[in-house]
Undergrad: 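Handing you a structure now.
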Amino acid sequence: MEMITRNFFLFLAQNKFIKNKATKWGPRLGAKQVIAGESIKEAMETAAKLNEDGLVCTVDHLGEFVFNREEAIESADYCIRTLEAIAETGVNCNLSLKLTQLGLDVDVNLCRDNMVRILETAKKFGNFVRIDMEDYSHLQPTLDLLDDLRKQYDNVGTAIQAYLFRAEKDVRNLEGTNIRLIKGAYKESPSVAHQRDQDIDKNYLNIIKVHLLNGSYAAIATHDHNVINEIKAFVKEQNIPRDQFEFQMLYGFRSELQKEIADEGYKMRVYIPFGEDWYGYFMRRLAERPQNVSFALRGFFSK
């Protein structure tokens with residue numbers, strides 16, 4: 001039943017007709033509980049409030065799958081304005097982005113040029129940029145571009161998804177890179193990805209430990225308290241310093257646990273999505289955890 005529910009929401013995430021209808025009444029879907037507004041200003045205000053509670057942040061202007069040069073350049077400009085706003089406001093916050101938003105499907109060179117402009121701005125302000133991982137068809141192009149960029153920039157990293165069979169190999173190849181380690185949020189073929197939760201969970205813990213033992217920086221992105229507790233015990237057993245890793249969670253989810261982790265002295269980073277193009281992101285969150293449907297129901301019936 002859980003797999004059926006997951007597949008249903010992943011289908012909705014890609015349905016353009018439903019997306020167009022849903023965006024007209026998005027707040028009633030519960031999206032407002034997990035999206036920090038539509039503007040850079042609202043995102044900065046949210047980050048500042050979280051900073052006050054001892055939490056650090058990363059912001060992501062929602063959007064993906066751009067198919068023309070003008071939109072790709074506009075998205076890059078928006079990322080640059082966001083980095084400038086982070087510097088101006090002084091919030092403790094990084095930037096997350098998707099390469100399809102910057103023109104990866106239009107022209108790889110265009111995407112690279114956009115990333116260079118963004119990384120130059122981030123470097124000027126002493127900031128870090130995370131390339132979010134997308135579906136399997138974009139995995140290798142993302143890693144290839146990351147490898148190229150890291151020849152010149154050390155303030156860029158990416159994410160690896162544990163449900164993929166190749167995840168451990170990719171983690172080992174990325175030794176020395178700041179990686180966000182996640183379970184995965186797209187519907188992938190059984191030929192390339194684990195389908196059972198227990199297999200994904202096992203591989204997730206494995207790649208976290210591999211990356212940490214390699215001496216690399218790990219951003220452990222999970223809401224699973226069992227995973228969090230096991231990693232706490234593991235780093236203590238292996239004498240891994242706390243400045244070699246951080247925990248990450250999504251804005252609007254398990255806020256009390258986020259604060260608890262920060263109060264224990266661990267770095268706790270909150271991933272803050274914002275913008276008008278919230279639909280695909282929100283549907284994938286519902287697919288990841290069917291119990292998150294309660295967010296939508298509460299939002300729908302609250303008005």
Side-chain angles (χ1 to χ4, degrees), residues 2 50 53-58 92 94 96 128 130-133 139 143 146 150 154-186 188 192-272 285 288-289 291-292:
E2 184 170 319
L50 291 169
D53 287 333
L55 305 164
V56 297
C57 304
T58 186
N92 190 335
N94 296 156
S96 293
F128 176 82
R130 173 88 57 197
I131 298 173
D132 287 341
M133 191 55 71
L139 170 58
L143 294 179
L146 175 69
R150 280 186 54 78
D154 60 4
N155 62 331
V156 60
T158 191
I160 294 296
Q161 302 176 103
Y163 62 6
L164 297 177
F165 298 142
R166 59 178 283 180
E168 181 179 341
K169 179 181 178 182
D170 288 333
V171 165
R172 292 189 183 279
N173 289 339
L174 289 166
E175 180 177 344
T177 305
N178 182 328
I179 304 176
R180 175 191 289 141
L181 299 161
I182 56 179
K183 292 185 180 180
Y186 293 85
E188 300 293 359
V192 300
H194 296 288
Q195 304 297 307
R196 300 193 309 166
D197 288 343
Q198 55 265 48
D199 294 329
I200 297 170
D201 291 348
K202 181 180 178 181
N203 201 39
Y204 185 51
L205 283 167
N206 174 55
I207 63 174
I208 293 170
K209 293 174 181 179
V210 165
H211 201 53
L212 287 169
L213 290 175
N214 278 341
S216 305
Y217 192 88
I220 303 161
T222 181
H223 301 112
D224 187 335
H225 60 274
N226 292 316
V227 170
I228 292 168
N229 289 336
E230 181 161 345
I231 294 304
K232 286 179 180 178
F234 178 77
V235 296
K236 184 176 181 180
E237 174 188 311
Q238 298 294 325
N239 294 314
I240 294 171
R242 290 191 180 187
D243 62 2
Q244 192 190 319
F245 67 96
E246 64 186 52
F247 292 108
Q248 295 191 353
M249 292 187 191
L250 301 172
Y251 174 69
F253 295 93
R254 306 209 70 175
S255 300
E256 291 184 5
L257 181 56
Q258 294 176 15
K259 184 68 165 58
E260 179 183 315
I261 291 171
D263 289 344
E264 291 174 355
Y266 296 97
K267 180 177 281 189
M268 179 72 241
R269 190 177 302 277
V270 181
Y271 181 101
I272 304 173
R285 299 295 76 77
E288 283 175 338
R289 290 171 55 85
Q291 52 267 54
N292 290 342

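One-based numbering along the sequence shown.
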Undergrad: Please collect all salt bridge (charged side-chain N to carboxylate O under 4.0 Å, His left out) contacts where either partner lies in residues 174-185, sequence neighbours excluded, each pair once.
TA: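 Non-adjacent pairs meeting salt bridge (charged side-chain N to carboxylate O under 4.0 Å, His left out): Asp132-Arg180, Lys183-Asp201, Lys183-Asp224.
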Undergrad: With side chains defined as the heavy atoms from C-beta onward, is the minimum distance between His223 and Leu257 less than 4.5 Å?
TA: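 In short, these two side chains do not touch, never coming nearer than 4.5 Å.
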Undergrad: Does atom CG of Asp199 have more than 12 heavy-atom neighbours from other groups under 6.0 Å away?
TA: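 Atom CG in Asp199 is crowded, with more than 12 foreign heavy atoms closer than 6.0 Å.
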Undergrad: Sequence neighbours left out, cut at 3.5 Å: what donor-acceptor pairs do the side chains of residues 226-234 make with other protein atoms?
TA:
from	atom 1	to	atom 2	distance (Å)
Asn229	ND2	His225	O	3.2
Glu230	OE2	Lys209	NZ	2.8
Lys232	NZ	Glu264	OE1	2.6

Undergrad: Any chance you could measure Glu256, atom CD, to Ile261, atom CD1, to the nearest 0.5 Å?
TA: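 Atom-to-atom, Glu256:CD and Ile261:CD1 are 12.0 Å apart.
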Undergrad: As an exercise, state the distance from CD1 of Ile220 to CD1 of Ile207, rounded to the nearest 0.5 Å.
TA: 10.5 Å
Undergrad: Would you call Asp263 and Met268 a side-chain contact if the rule is heavy atoms closer than 4.5 Å?
TA: no
Undergrad: Ignoring hydrogens and angles, tell me if any N or O in the side chain of Gln195 forms a donor-acceptor pair with the backbone of Glu188 under 3.5 Å.
TA: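 Yes; judged by distance alone, with no hydrogens or angles, the pair exists.
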Undergrad: Looking only at heavy atoms, what is the nearest atom pair of Gly54 and Ala262, with distance?
TA: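 It is O-CB, 3.7 Å.
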Undergrad: Under the criterion side chain to side chain contact (heavy atoms under 4.5 Å, CB included), I'd like the reasoning laid out for Ile272 against Leu50: C-alpha separation, chi angles, the key distance, then a yes or no.
TA: CA-CA 10 Å; Ile272 304 173; Leu50 291 169; 3.7 Å; yes
Undergrad: Does anything in residues 238-247 form a salt bridge (charged side-chain N to carboxylate O under 4.0 Å, His left out)? List the pairs, not counting sequence neighbours.
TA: Glu246-Arg269
Undergrad: Taking all non-hydrogen atoms of both residues into account, name the closest pair between Ser216 and Gly176 and its distance.
TA: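 Closest heavy-atom pair between Ser216 and Gly176: OG-N, 2.7 Å.
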Undergrad: Say you draw a straight line from CD1 of Ile208 to CG of Asn203; how long is it, rounded to the nearest 0.5 Å?
TA: 10.0 Å
Undergrad: Is Thr177 reaching over with its side chain to a backbone N or O of Gly157, donor-acceptor style, under 3.5 angstrom?
TA: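 Checked: no pair found.
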Undergrad: Looking only at heavy atoms, what is the nearest atom pair of Gln161 and Tyr186, with distance?
TA: OE1-CD1, 3.7 Å
Undergrad: Side chains of Phe247 and Lys267: closer than 4.5 Å at any heavy-atom pair?
TA: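 Answer no - side chains too far apart.
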Undergrad: Does a side-chain heavy-atom distance below 4.5 Å link Leu143 with Leu174?
TA: yes
Undergrad: Are Val192 and Leu139 close enough that some pair of their side-chain heavy atoms sits under 4.5 Å apart?
TA: no
Undergrad: For a side chain to side chain contact (heavy atoms under 4.5 Å, CB included) check, start with the C-alpha distance between Asn94 and Arg130, then their side-chain angles and the critical distance, and finish with the verdict.
TA: CA-CA 8 Å; Asn94 296 156; Arg130 173 88 57 197; 5.9 Å; no
Undergrad: Testing the basics here: between Ala162 and Ala167, what is the closest heavy-atom pair and its distance to 0.1 Å?
TA: CA-CB, 4.2 Å
Undergrad: What distance separates Asn178 CG from Gln244 CD, expressed to the nearest 0.5 Å?
TA: 10.5 Å
Undergrad: What's the separation between atom CD1 in Ile179 and atom CD1 in Ile131, rounded to the nearest 0.5 Å?
TA: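 That separation rounds to 12.0 Å.
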Undergrad: How many angstroms lie between CD in Gln248 and CD1 in Ile182, if you round to the nearest 0.5 Å?
TA: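 Atom-to-atom, Gln248:CD and Ile182:CD1 are 9.5 Å apart.
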Undergrad: Within the structure provided, determine whether Leu181 and Val171 are in side-chain contact (heavy-atom separation under 4.5 Å).
TA: yes
Undergrad: Using the six-membered ring wherever Trp is involved, compare the ring planes of Phe245 and Tyr266 and label them parallel, tilted or perpendicular (cut-offs 30° and 60°).
TA: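 Ring orientation of Phe245 relative to Tyr266: tilted.
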